[in-house]
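Below you'll find the structure, written out as structure tokens, and then a few comments.
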Amino acid sequence: MARRYDSRTTTFSPEGRLYQVEYAMEAINNAGSTIGILSKDGVILAGEKKTTSKLLDQGRSSEKIYAVDDHVICAVAGVTADANILINRLRLSAQ
């Protein structure tokens, strides 16, 4: 029954639910976090490697830390598919 109501973000189900919003919230909850620490000697970036299922291939994990340029590094928190567009823009502007 939910398949008829989950194709658009503005279509409510008969129960009054927005399935696309619920799917987005679930994706955010499954995403790992990142942290950056600034010290007087440098910067430390760390990303959480979060596995949602033990059935997934452990060797193939999504990256959380990207090299933008020779002197710029970027850490991604949340859904990395959304961040790929921003990282590509950063790489173009850093050239």
Side-chain angles (χ1 to χ4, degrees):
M1 185 72 158
R3 298 300 285 166
R4 291 183 7 197
Y5 302 103
D6 64 351
S7 62
R8 297 188 182 193
T9 58
T10 57
T11 304
F12 286 91
S13 71
E15 297 89 24
R17 299 170 60 186
L18 291 171
Y19 287 110
Q20 286 293 328
V21 174
E22 290 179 14
Y23 297 155
M25 294 298 287
E26 187 67 27
I28 290 169
N29 290 336
N30 289 335
S33 58
T34 59
I35 187 169
I37 301 172
L38 175 65
S39 70
K40 62 181 178 181
D41 297 327
V43 176
I44 299 171
L45 294 175
E48 178 185 13
K49 185 176 176 182
K50 197 168 185 181
T51 305
T52 57
S53 173
K54 293 183 179 184
L55 298 175
L56 294 175
D57 186 9
Q58 298 296 323
R60 184 173 168 84
S61 64
S62 62
E63 296 293 323
K64 289 290 194 178
I65 299 176
Y66 294 90
V68 176
D69 201 2
D70 293 337
H71 61 286
V72 178
I73 303 291
C74 175
V76 175
V79 182
T80 56
D82 295 337
N84 286 334
I85 296 169
L86 296 174
I87 291 168
N88 288 335
R89 281 190 176 181
L90 281 172
R91 288 178 176 157
L92 287 175
S93 63
Q95 292 178 349

Work out which heavy atom in Leu45 is nearest to a heavy atom in Ile73; give both atom names and the distance.
-> CD1-CG2, 3.6 Å

Considering only Ile, Leu, Val, Met, Phe, Trp and Tyr, and joining two whenever side-chain heavy atoms are under 4.5 Å apart, list the other residues clustered with Ile85.
-> none

Taking every heavy atom of Val76 against every heavy atom of Ala83, the minimum-distance pair comes out as CG1-CB, 3.4 Å

In terms of heavy-atom contacts, Val43 and Leu38 come closest through CG2-CD1, 3.6 Å

Listed by chain and number, what are the side chain to side chain contact (heavy atoms under 4.5 Å, CB included) partners of Val68, not counting sequence neighbours?
-> Val72, Cys74, Leu90, Arg91, Ala94

Sort out for me which residue in Leu86, Ile87, Asn88 forms a side-chain contact (heavy atoms from CB on, under 4.5 Å) with Tyr66.
-> Ile87

